[in-house]
Amino acid sequence: MVKAVVGANWGDEGKGKITDMLAQEADIIVRFQGGANAGHTIINNYGKFALHTLPSGVFYGHTTSIIGNGVALDIPVLMKEINSIVERDVPMPKILVSDRAQMVMSYHKNFDAYEEERLGGKSFGSTKSGIAPFYSDKYAKIGFQVSELFDDDLLKEKVVRVAEQKNVLLEHLYHKPLINPDDLYKELQEYKEMIAPYVCDTSLFLHNAIKEGKNILLEGQLGSLKDPDHGIYPMVTSSSTLAGYGAIGAGIPPYEIQKIVTVCKAYSSAVGAGAFVSEIFGDEADELRRRGGDGGEFGATTGRPRRMGWFDCVASKYGCRMQGTTDVAFTVLDVLGYLEEIPVCVGYEINGEVTTDFPPTHYLEKAKPVLKKLPGWNCDIRGIKKYEELPENCRKYIEFVEQEIGYPITMVSNGPGREDIIYRESPLSK
């Protein structure tokens, strides 16, 4: 069976924890899109980790971790990440890398930084990980595929052609140092040496695993609202964040994805620029940021303070719909225990009219949140294992959100650890 774990919102929903938890019963975990520009925070028996490329199931000895063809593969970052977990006594994971994955080159990171510099105040808030230039090259058909590392004649010709094209921009648009083809060839040779032990036809591997009845988890990065087609364009990422893309980014048939676990936070947070209707500011935001996540709401990759907001039913309903959600995992609910009452965004007022449907970006810029306040439970809910044992107002909050978004909340996370989870029978599942 193939399950996907994806985000409903702007990313930062807690997908890493849910993947790590579900990986206990999985044989294979696949990262199917994105690069090292966002991280998943994992807390387990080995400690606390921020993963950027490795799938969040690498901590189990029985799993195989796959970097799919849809991933922006930053080989030095991957190697560093493998070493960083092994150094902390995590057993060496079994890792396979798709021979069809393409590589983030050092010049992609440079171009990312140069473009942000050029845009100045109109920049996209990039992490400067080279992701947009990487995907631009992939679709312009001038990227380097892992399989090409093993064809020396092809590489020697291609580095000249790519450097020639890039140098036009470097000289005339950015006024930066030019790329030397020999240096580029050397960089690729170093990548070949690093990645060679892991490379295989992962699509074929997954095909055989599906035939054998293995349990496979697809792990997405970021969330629905960062999808380049269906998100808050142009403040989006450069690869599709939807479960539907999991079939493409992993190389499996779409009908094999039978369960889609969409992760929603019990409040909202976002890293980077873009429309965020339920955003809060000042002391109210600082308090939620300080208490949120595990040790505060700060980006796992960037360390940047996350933008904070109340739960957004409009965005989350849309995010779940676009993912094709079968189950919602509702995370960081314990964080809200300090509040006497909890605002929830139930609609957007745009040009004097209220809507509960998520509009395109240019309308979002004009939207004002319609808030409903629910009574808080004003106590700590960590350690509770059964849904019935949660405070009544806490259960009412979950049930209100579930009704508003229209998708079954079957998992409730009430702490950062792997065991801090409450399974729930949802009336919407029946």
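Not measured: the values here are computed from a predicted model. Values reported hereafter were calculated over all heavy atoms of this structure, with side chains retained and with hydrogens, waters and symmetry mates removed.
Of the possible polar contacts, one joining the E219 side chain to the S56 backbone as a donor-acceptor pair under 3.5 Å is found. Judged by distance alone, with hydrogens and angles left aside, the side-chain atoms of T325 form a donor-acceptor pair with the main-chain N or O of C320 at under 3.5 Å. Side chain of Q221 to backbone of G35: a donor-acceptor contact under 3.5 angstrom is found. Looking only at distances, no side-chain donor or acceptor of S129 sits under 3.5 Å from a matching main-chain atom of I131. No donor-acceptor pair under 3.5 Å is formed between the side chain of K192 and the backbone N or O of V146. Side-chain atoms of Q323 come within 3.5 Å of backbone atoms of G7 as a donor-acceptor pair (strictly under, hydrogens ignored). For the pair D420 (side chain) and G417 (backbone), a donor-acceptor distance under 3.5 Å is present. Side chain of S268 to main chain of W310: a donor-acceptor pair is present (N/O by atom type, distance under 3.5 Å, no hydrogens or angles). For R31 (side chain) and I66 (main-chain N/O), no donor-acceptor pair under 3.5 Å exists by modelled atom type. Judged by distance alone, the side chain of D380 and the main-chain N or O of R382 form a donor-acceptor pair under 3.5 Å.
By the 4.5 Å heavy-atom criterion applied to side chains, R424 and E399 are counted as neighbours. Contact check for E287 versus Y338: side-chain heavy atoms found under the 4.5 Å cut-off. You'll find the side chain of I252 reaches within 4.5 Å of the side chain of V2, heavy atoms only. Taking the side chain as every heavy atom from C-beta outward, V263 and T331 approach each other to under 4.5 Å. Between F59 and L51 there is a side-chain heavy-atom pair separated by less than 4.5 Å. Side-chain contact between S98 and L73: absent, with no pair of heavy atoms (C-beta onward) separated by less than 4.5 Å.
Side-chain contact annotation: S106 with E187, donor-acceptor N/O pair under 3.5 Å present.
Under the rule for a salt bridge (charged side-chain N to carboxylate O under 4.0 Å, His left out), the partners of K158 that lie at least two apart in sequence or sit in another chain are E148. Residues passing the side chain to side chain donor-acceptor pair (under 3.5 Å) test with N110, sequence neighbours excluded: none. Here E392 pairs with K396 under the side chain to side chain donor-acceptor pair (under 3.5 Å) rule; sequence neighbours left out. Annotation: salt bridge (charged side-chain N to carboxylate O under 4.0 Å, His left out) contacts of E341 (sequence neighbours excluded): K373. Residues meeting the side chain to side chain contact (heavy atoms under 4.5 Å, CB included) test with Y363, sequence neighbours left out: I350, P359, P360. For D227, the salt bridge (charged side-chain N to carboxylate O under 4.0 Å, His left out) test picks out no residue, with sequence neighbours left out. S269 meets the side chain to side chain contact (heavy atoms under 4.5 Å, CB included) test with D12, K265, E297, R306, M308; sequence neighbours excluded. For T326, there are no side chain to side chain donor-acceptor pair (under 3.5 Å) partners two or more places apart in sequence or in a different chain. In terms of the side chain to side chain contact (heavy atoms under 4.5 Å, CB included) criterion, residue partners of Y139 (sequence neighbours excluded) are, by chain and number, Y135, Y245.
Applying the salt bridge (charged side-chain N to carboxylate O under 4.0 Å, His left out) test to every pair with at least one member in residues 352-369, sequence neighbours left out, gives these pairs: K317-D357. Judged as a side-chain hydrogen bond (donor to acceptor under 3.5 Å, both in side chains), the pairs with a partner in residues 66-87 (not counting sequence neighbours) are, in order, D74-K109. Applying the ring pair (Phe, Tyr, Trp, His ring centres under 6.0 Å) test to every pair with at least one member in residues 374-420, sequence neighbours left out, gives these pairs: W377-Y397.
Remark: T63 OG1 to L217 CG distance equals 9.5 Å, nearest 0.5 Å. If you take CG on L336 and CD1 on I342, they are separated by 5.0 Å, rounding to the nearest 0.5 Å. Within the model, atoms OG of S413 and CD of E419 stand 11.5 Å from one another, a figure rounded to the nearest 0.5 Å. In this structure, R321 CZ and H230 NE2 are separated by 9.0 Å, a value rounded to the nearest 0.5 Å. From D229, atom CG reaches atom OG of S224 across 12.5 Å, with rounding to the nearest 0.5 Å. Between atom CD1 of residue I43 and atom CZ of residue F49 there is a gap of 10.5 Å, rounded to the nearest 0.5 Å.
When all heavy atoms are compared, the tightest approach of L54 to I67 is CA-CD1, 4.4 Å.
Note that R304 lies outside the cation-pi zone of F298, set by a 6.0 Å cut-off to the ring centre and a 45° limit from the axis.
A salt bridge is absent between R395 and E402; no separation between the charged side-chain nitrogens and carboxylate oxygens falls under 4.0 Å. A salt bridge is absent between K386 and E388; no separation between the charged side-chain nitrogens and carboxylate oxygens falls under 4.0 Å. D137 has a carboxylate O that lies under 4.0 Å from a charged side-chain N of K166, or vice versa, which qualifies the two as a salt bridge.
Centroid-to-centroid, the aromatic rings of F330 and F311 come within less than 6.0 Å.
Relative orientation of the Y174 and F111 rings is perpendicular, given thresholds of 30° and 60° on the angle between their planes.
Annotation for K214: atom NZ does not count as buried by contact number, only 12 or fewer foreign heavy atoms lying within 6.0 Å.
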